[in-house]
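Whatever order the structure lists ligands and atoms in, that order sets their numbers, starting from 1. This is a predicted model, so every value here is computed, not measured.
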Amino acid sequence: VSQDETLLEERHLRYVSLLGKGNFGTVELCCYDPMGDNTGELVAVKKLQPNKHSTLEDFQKEVKTLSALHCDYIVKYRGVCYSMGRLTMSLVMEYLPYGSLIGYMENHRNSITIKRMLLFAFQICKGMEHLQTQRYVHRDLAARNILVASDSLVKIADFGLTKVIPSDKEYYRVTQPGESPIFWYAPESIGESRFSHKSDIWSFGVVLHELFSYCDINCNPKRLCMQEIGPNVQGTSISMLLLNALKNNWRLPVPPNCPPKVCSLIKQCWEYDFKDRPCFFILANQIETIMQDERENSKG
Ligand SMILES: C[C@H](Nc1nc(-c2c[nH]c3ncc(Cl)cc23)ncc1F)C(=O)NCC(F)(F)F
C-alpha cells in the first residue's frame, strides 16, 4: 500500500452529487471514507475526461500547480485518484460548502457589507500575491472561480488555465486560445495572447467590479461588453471590437454605489499599458488601508 497520502483509492471515494461542469470534465461532491464508517470528509473531485480542450498533460499540470500552492486563500489540494478500470484520473480538493462567489453574492445581496466585500477582495489579492511568488499566472481569475469557505473566507480555485512564467521572461504567450474568457482579459491578452502577473491584475479589477456589483447578472462583464460593442456581432470580430473599445478608453461602467476609493483601485487595474498597473502586493496594502478607513467611518 502506498505511503503517499495524496494517492487516494477510488474504492474509498463515494459519489454524493454533481457540483458543476467545466470545459475539462465535471466536478463532483464525494465523501472520501477510507475507514468505511462514514467518518470520511467531503471532497470536491474533478474528473478529467480527455477531450479536444484538455489532455492528460493539461490535467497533470493542473495537479502539479495545485499541489505546489499552500495558502489560506487558495483551495486546498487533497490528492489524486487513478481509476484503472475506467482509465480516468481525478483531482481531489477540499470541498467549500458555500460554493462559488457568484451564487453567494446573489443569495446574500441584502446582508453583505462593504467591509465584508473589502475583506474578500483582500483575500483574493493575497492569494494572487502568493501565486505571483511562485511565478504562476492564473489566466482565468473571475468571480465564477472564487469559492466561499465561510461568511468571512474566500479562496481562489480552478487552476486549469494556470501557467508558469519562464524564469528568463516576465510573460507567457499562449498558442491555443481555446475558450477564452475575453471579457476578463487585459488588452495585451486579447490582442497578443500575452499573459503576465499584470494581466492577472486586469482580471482582478474585473473581479472587483463583479464583487461590488453583487455579481448581479445585469452588470455581468460579458453582458456590459456586448452592449457596448453591439449585440449583433459574432466570431473573432468580438475580440477586435472589444480591443478597439478598450484602446479608445472605454471601460466597464463602475458599479452603482461603489465606494470612490474602490473605483480608483479598479481604474488602476485597468490601465491600458500593463506597466502602469499596480502589483498585488501594492493592491493588498491599498485595500487594507480602505478597510481601516471604513472601520473609522462606521465607528464615526
Ligand atoms: C466545475 C466546478 N463548478 C462548481 N463548483 C462548485 C463547488 C462548490 N464547492 C466547491 N468546493 C470545491 C470545488 Cl473545487 C468546487 C466547489 N459549485 C458550483 C459549481 F458550478 C468548479 O470547479 N468551479 C470552479 C470553482 F471551483 F472555482 F468554483
Side-chain angles (χ1 to χ4, degrees), residues 6 8 13-33 40-51 53-54 58-81 88-108 120-121 123-128 130-131 136-163 178-181 183-184 200 203-204 206-208 210-211 214-215 217 220-222:
T6 66
L8 309 178
L13 215 46
R14 198 161 18 89
Y15 176 83
V16 174
S17 65
L18 176 70
L19 286 170
K21 289 181 186 307
N23 56 23
F24 51 83
T26 59
V27 175
E28 298 172 349
L29 174 59
C30 294
C31 179
Y32 187 65
D33 190 24
E41 81 170 304
L42 286 176
V43 288
V45 180
K46 188 171 203 173
K47 289 188 178 312
L48 170 78
Q49 317 290 348
N51 58 27
H53 285 299
S54 65
D58 294 336
F59 195 80
Q60 279 161 333
K61 268 191 205 155
E62 183 174 351
V63 170
K64 188 166 181 289
T65 302
L66 201 55
S67 55
L69 293 170
H70 305 287
C71 173
D72 293 342
Y73 309 119
I74 290 175
V75 68
K76 282 190 176 18
Y77 169 74
R78 284 282 184 268
V80 283
C81 181
T88 61
M89 198 183 159
S90 299
L91 166 58
V92 183
M93 296 163 278
E94 67 173 318
Y95 168 65
L96 274 66
Y98 287 66
S100 113
L101 183 61
I102 300 227
Y104 182 85
M105 290 302 285
E106 285 167 350
N107 300 339
H108 295 74
F120 287 172
Q123 293 172 342
I124 297 164
C125 198
K126 293 305 276 184
M128 289 306 296
H130 178 75
L131 225 63
Y136 281 117
V137 177
H138 189 284
R139 296 189 51 239
D140 197 8
L141 186 58
R144 66 179 173 276
N145 287 333
I146 303 295
L147 288 169
V148 184
S150 75
D151 287 325
S152 58
L153 177 62
V154 292
K155 302 193 181 193
I156 301 167
D158 204 332
F159 294 84
L161 297 180
T162 302
K163 303 285 182 190
E179 308 277 313
S180 302
F183 307 104
W184 280 258
D200 272 351
S203 304
F204 178 73
V206 182
V207 171
L208 286 178
E210 295 182 273
L211 195 52
Y214 299 89
C215 294
I217 185 72
N220 170 282
K222 176 171 185 174

First locate atom [atom1] of [X], then atom [atom2] of [Y], and finally report the distance between them rounded to the nearest 0.5 Å.
{"X": "Leu161", "Y": "His138", "atom1": "CG", "atom2": "NE2", "answer": "8.0 Å"}
{"X": "Tyr77", "Y": "Glu62", "atom1": "OH", "atom2": "CD", "answer": "11.0 Å"}
{"X": "Leu147", "Y": "Leu101", "atom1": "CG", "atom2": "CG", "answer": "9.0 Å"}

Which atom pairs, nitrogen or oxygen on both sides, join ligand 1 and the protein at under 3.5 angstrom?
from	atom 1	to	atom 2	distance (Å)
ligand 1	9 (N)	Leu96	O	2.8
ligand 1	11 (N)	Leu96	N	3.0

What residues form a side chain to side chain contact (heavy atoms under 4.5 Å, CB included) with Cys71, not counting sequence neighbours?
->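 Side chain to side chain contact (heavy atoms under 4.5 Å, CB included) check on Cys71 returns Tyr73, Ile74, His130.
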After noting the C-alpha distance and the side-chain angles of Leu69 and Tyr136, does the key distance pass the side-chain contact (heavy atoms from CB on, under 4.5 Å) rule?
-> CA-CA 10 Å; Leu69 293 170; Tyr136 281 117; 3.9 Å; yes
Steps toward salt bridge (Lys or Arg N to Asp or Glu O under 4.0 Å) verdict (Lys46, Asp158) = CA-CA 10 Å; Lys46 188 171 203 173; Asp158 204 332; 3.3 Å; yes
